[in-house]
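None of these values were measured; they are calculated from a predicted model.
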Amino acid sequence: MQVHDGNVTPGSSGRLTIIQRHLTAVPLSGQVSTANYPTKFCYTLDNNLLTTEQRHFYEENGFLVIKNLVSSVDIESFRKQFEKLCKKEITIPGLLIMRDVAIAKSEYVPDQKAVTKIQDFQEDPVLFSYCSLPQIVKYVECFTGPNVMAMHTMLINKPPDAGKKSSRHPMHQDLHYFPFRPADRIVCAWTAMERIDRTNGCLVVVPGTHKGVLKQHDYPEWEGGVNKMYHGVRDYDLSIPRVHLVMEKGDTVFFHPLLIHGSGMNRTAGFRKAISCHYAGADCNYIDVKGTSQENIEKEVMEVAYMRYGLSDLTLKDVWMIKSRIIKGERTNL
């Protein structure tokens, strides 16, 4: 049972058919099933924005696509700023620039051709404006509540695959990287900066996995190598049906941090760009990840902090406290 570019092959379940209808709904995606659902909502909050159908869909599947949410004007502004950063025309404190493991070994050219992702752009006023876009934040509040914190920022620049399949991102759960809970008050907003489909490496999600637990993550054993901190679920079952999120420029998907997802390699000659922010309710609490499956990512983050800043006594909690920003409401616990 497989899904290919928005088409469900014969034999697929009615549930996946419903998901595909959701993905093509305009202007606001929502489930059209007539199935009976429990009246209690666990993963969404009632603030009169999401329709009942949309809330049911997120409850069952762990993601929700909103069509045409971010304007082309804003997206082009983000694109131009990204290019300036790659060319080193501007320097932003705390910004982390990551390069594809296959491309980085070749001669470095100071432009976007070597950059696979930039993270932690909270000090960049142009890129960080994405996180406070009113049309984004009003949806975020449906998951986090009224006190909204921006926790993790990224602009992904998936490069044309260098032939080693290193442009893939292993199937993973974002909660693996986060030392704060509860998971149900965390959400990612991920916006396509151009049309994204299976040819250039769209997001792949496993519906319903947000109802599970945080799994053990490690580096997958890929022949072409794996990019730094691209951990994947250790016991991921390849037979589980997946959905490929084909999105147009400006479309935004909101998804739960336990949702298992990843992306395929970019088989085109161009770069596939998307911008994203993870949000959390300010009433969330930090946790100590020592003794848990997240110890390995804490160790890596601490190694990066030492290499970049010479800091050796930080914890994963400290790192997130430093880069988190209040977006709306009051900063309480986080």
Side-chain angles (χ1 to χ4, degrees), residues 2-8 16-32 50-51 53-54 57-58 61-79 82 116-117 127 130-131 133 135-140 142-143 153-161 167-169 171-172 174 187-207 209-210 241-257 259-279:
Q2 294 180 332
V3 180
H4 296 288
D5 293 335
N7 295 316
V8 183
L16 284 182
T17 302
I18 291 170
I19 291 172
Q20 294 306 316
R21 291 176 184 169
H22 156 80
L23 295 176
T24 57
V26 178
L28 298 180
S29 55
Q31 190 200 48
V32 294
L50 297 180
T51 66
E53 290 76 19
Q54 288 173 324
F57 187 90
Y58 189 88
N61 299 290
F63 70 95
L64 184 71
V65 176
I66 306 298
K67 307 293 288 183
N68 196 30
L69 191 60
V70 179
S71 73
S72 294
V73 173
D74 283 330
I75 288 175
E76 289 312 303
S77 174
F78 306 146
R79 186 185 301 273
F82 172 75
T116 183
K117 182 190 295 184
L127 294 182
Y130 166 80
C131 304
L133 288 174
Q135 67 270 35
I136 294 282
V137 175
K138 70 177 184 179
Y139 277 100
V140 169
C142 299
F143 310 100
T153 53
M154 291 191 301
L155 194 154
I156 306 103
N157 185 51
K158 186 185 284 286
D161 197 86
S167 66
R168 294 176 295 173
H169 198 302
M171 302 299 283
H172 65 283
D174 288 341
V187 71
C188 179
W190 193 100
T191 298
M193 295 177 65
E194 56 212 306
R195 177 178 168 81
I196 297 177
D197 55 31
R198 293 191 71 178
T199 63
N200 60 2
C202 64
L203 283 182
V204 182
V205 301
V206 184
T209 48
H210 67 301
R242 300 172 296 167
V243 172
H244 294 81
L245 301 185
V246 177
M247 299 169 66
E248 300 295 335
K249 181 178 179 180
D251 291 355
T252 302
V253 58
F254 297 89
F255 60 90
H256 192 281
L259 182 74
I260 295 177
H261 66 288
S263 64
M265 63 179 175
N266 182 359
R267 301 192 298 271
T268 70
F271 292 79
R272 188 274 272 165
K273 290 182 174 62
I275 188 169
S276 72
C277 180
H278 281 88
Y279 301 86

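Contact record, S263 with G201: CB-O, 3.7 Å, taken as the closest heavy-atom pair. Shown here for L155 and F78, the closest heavy-atom pair between the two residues is CD1-O, 4.2 Å. Minimum interatomic distance between E76 and K249 (heavy atoms only, all atoms of both residues): OE2-NZ, 3.0 Å. Summarising the geometry of I275 relative to L127, their closest heavy-atom pair is CD1-O, 4.2 Å, with the distance given to 0.1 Å. Annotation for T153 and C131: closest pair CG2-SG, 3.6 Å, computed over non-hydrogen atoms. Residues P207 and V243 come closest through the heavy atom pair CG-CG2, 3.7 Å.
Proximity of F254 to C188: side-chain heavy atoms (C-beta onward) are nowhere separated by under 4.5 Å. Put simply, the side chain of H261 reaches to within 4.5 Å of the side chain of D174, judged on heavy atoms. For the pair Y130/T191, a side-chain contact is recorded, criterion being any heavy-atom separation below 4.5 Å from C-beta on. Contact of the C142 side chain with the Q54 side chain is not registered, since no non-hydrogen atoms from C-beta on lie closer than 4.5 Å. In this structure the side chain of Y139 reaches within 4.5 angstrom of the side chain of L69, judged on heavy atoms. Counting only heavy atoms from C-beta outward, the side chains of F143 and L50 approach each other to under 4.5 Å. Between I196 and W190 there is a side-chain heavy-atom pair separated by less than 4.5 Å.
The distance from atom OG1 of T116 to atom CZ of R272, rounded to the nearest 0.5 Å, is 9.0 Å. Atom NZ of K273 and atom NZ of K117 lie 14.5 Å apart (nearest 0.5 Å). Within the model, atoms CG of L133 and OG1 of T252 stand 9.0 Å from one another, a figure rounded to the nearest 0.5 Å. Rounding to the nearest 0.5 Å gives a distance of 10.5 Å between OG of S72 and CE of M193.
Remark: side-chain polar atoms of K158 are not paired, donor with acceptor, to backbone N or O of C202 under 3.5 angstrom. In this structure, N200 contributes its side chain and R195 its backbone to a donor-acceptor pair below 3.5 Å. At least one donor-acceptor pair under 3.5 Å links the side chain of D251 to the backbone N or O of N68. In terms of modelled atom types and a separation under 3.5 Å, the side chain of Q135 and the main chain of V70 share no donor-acceptor contact. Listed for the N61 side chain is no donor-acceptor partner under 3.5 Å among the backbone atoms of F63. Between the T209 side chain and the I260 main chain, a donor and an acceptor come within less than 3.5 Å of each other.
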Evaluate the side-chain contact (heavy atoms from CB on, under 4.5 Å) criterion for residues F255 and L245: first the C-alpha distance (whole Å), next the side-chain angles of each, then the deciding distance (0.1 Å), finally the verdict.
CA-CA 12 Å; F255 60 90; L245 301 185; over 6 Å; no
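Taking Y58 as the reference, nothing meets the side chain to side chain donor-acceptor pair (under 3.5 Å) condition, with sequence neighbours excluded.
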